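Read through the structure below, which is laid out as structure tokens, and then see the notes.
A, B, ... follow the sequence lines: proteins, then strands. Residue 1 opens every chain. The model shown is predicted, which means the values in this text are computed figures rather than measured ones.
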There are 2 protein chains.
Amino acid sequence: MGVKEKRAKYREEFRQEILDAARELFINEGYENFSMRKLAEKIGYSATTIYLYFKNKDDLLLAICEEFFGKFSARLNHIRTVSRDPVETLRQAFLYLMDFGLKKPYQYKLIFFTKSVYGSREELVKTESMARATFIVFKEIVQDCIDAGQIKHMEAAVIVDILVAASHGVITKNLYCANFLKERSGIVARTMVDVLLRGLQK
Amino acid sequence: MGVKEKRAKYREEFRQEILDAARELFINEGYENFSMRKLAEKIGYSATTIYLYFKNKDDLLLAICEEFFGKFSARLNHIRTVSRDPVETLRQAFLYLMDFGLKKPYQYKLIFFTKSVYGSREELVKTESMARATFIVFKEIVQDCIDAGQIKHMEAAVIVDILVAASHGVITKNLYCANFLKERSGIVARTMVDVLLRGLQK
DNA sequence: AATTTTTAAATTACGCCGTTAATAATATTC
DNA sequence: GAATATTATTAACGGCGTAATTTAAAAATT
């Protein structure tokens, strides 16, 4: 390995080190209370050094989102290959998203409700991203159900939107609504899934 | 009117003036970009003067939320007295919430996804608030449907949670998801309502 | 009416923040 | 070993929420 490559590798390693610390800080403190200065202290460098590896605070967040969507789309692909019944696959995919949110609400919030890190829709569609890949797998899972004639015939993307929105909603209520009983969130989530899939079936 | 009352009245008027300016600023700039200093400039006073009328930034937000929930619960009560069919009443209540979100997403975000201004559940239940009043009316509307035997028999609060969560979800997708087609948000909202009510019916 | 007391407002200040510009230290290349 | 490129630091700008202090105005008391 040449010197150039070696340096590039160390650079990559350091970048990842920053990213790991950033993820932890983002999740523990939330986007608001995260700060470049705290992150700098955590990694033992000055705040401005971070800017040599990431454009800015939101660029850090984008990298974290891409990490997440990478794992998420892989998981969806796995579910799809293992499970046989289309509707059961869809249910599992849906539940996987919602369970993640119930288990790690602050991480879920960070990824889904913090900033539009992917820019406009045009930008998202143009540049390839793990976020887009995830959406596409999800849509395929829905399309399988439609093709099997098991759910109502409508645009797959609309159904994906509805299911993801439902998950988002349960988690936002969990996060923000004082009146929402945490002990009931499991019930609400499962009922939501049942009611939606029931309503979608022919 | 005595001098004391007069002064109290002027105080109340000024407080409302600040609140009106704050609402506008909060909605136009979002919670992040709202600042006490900007608000101060807008009303032509120094930043610290605001602290004579509101405890802090979040106290301003709480006042704005209470204003909203006051109008919202009144609207729900109105719908309830006008409409006759229980499920139709529920559908209208649900749609009213979601349409508000589609029309004014930033205001919706401000009220529902910004901070837990009402503190913990214990605090919410203890102190009376318009937010709690709204929840109670919503629950009564659902209970009417259950009592009429038109939807599945389950805890009314769970159904309220599901419906409100569904609305929240559609709006969050609208706000944060780059992949979400704005032109489709109307369709997604209406389909969500239909699918949920269909799934909830016996 | 003059003086004391209360109230309202502004100024100053503290410790944060994201980020840029300028500078120093280190490594690489010639 | 000198010149160049890279990496890191320090200093600084303009912003933030808000507490403490100080000034100005109004009201109450004498």
Which ones in residues 111-120 of chain B lie close to DNA chain D, meaning a heavy atom under 4.0 Å from one of its atoms?
none
Would you jot down, in residue-number order, the residues of residues 21-36 of chain B having a non-hydrogen atom under 4.0 Å from DNA chain D?
B/F34, B/S35, B/M36
Cation over ring face, B/R75 and B/Y96, 6.0 Å, 45°:
yes
Under the rule for side chain to side chain donor-acceptor pair (under 3.5 Å), what residues qualify as partners of B/R80, not counting sequence neighbours?
B/E140, B/D144
In whole Å, I'd like the distance from the [atom1] atom of [X] to the [atom2] atom of [N].
X     : N      : atom1 : atom2 : value
B/R37 : D/dA19 : CZ    : P     : 13 Å
A/L39 : C/dT19 : CG    : P     : 12 Å
B/Y10 : C/dT6  : OH    : C1'   : 19 Å

B/M192 and A/A166 have their tightest heavy-atom pair at CE-N, 4.0 Å
Not counting sequence neighbours, which residues clear salt bridge (charged side-chain N to carboxylate O under 4.0 Å, His left out) with B/E67? List them please.
B/R23
Could you pull out all residues at least two apart from A/E88 that satisfy salt bridge (charged side-chain N to carboxylate O under 4.0 Å, His left out)?
A/R91
Return the residues of residues 41-55 of chain B meeting this criterion: a heavy atom under 4.0 Å from some atom of DNA chain C. Order them by number, or give none.
B/Y45, B/S46, B/T48, B/T49, B/L52, B/Y53
More than 12 heavy atoms of other residues, nucleotides or ligands under 6.0 Å from CE of B/M130: is that the case?
no
Please report the interatomic distance SG(A/C145) to CD(A/Q201), rounded to the nearest 0.5 Å.
8.5 Å
Checking side-chain polar atoms at under 3.5 Å, does B/D59 have a donor or acceptor matched by the opposite partner on B/Y53?
no
Does some side-chain heavy atom of A/I171 sit less than 4.5 Å from a side-chain heavy atom of A/K109?
no
Assess the residue pair B/Y108 and B/H168 against the criterion (ring-ring contact (aromatic ring centres under 6.0 Å, His included)); give the C-alpha distance rounded to whole Å, side-chain angles, the decisive distance to 0.1 Å, and a yes or no.
CA-CA 9 Å; B/Y108 194 103; B/H168 283 15; 5.5 Å; yes
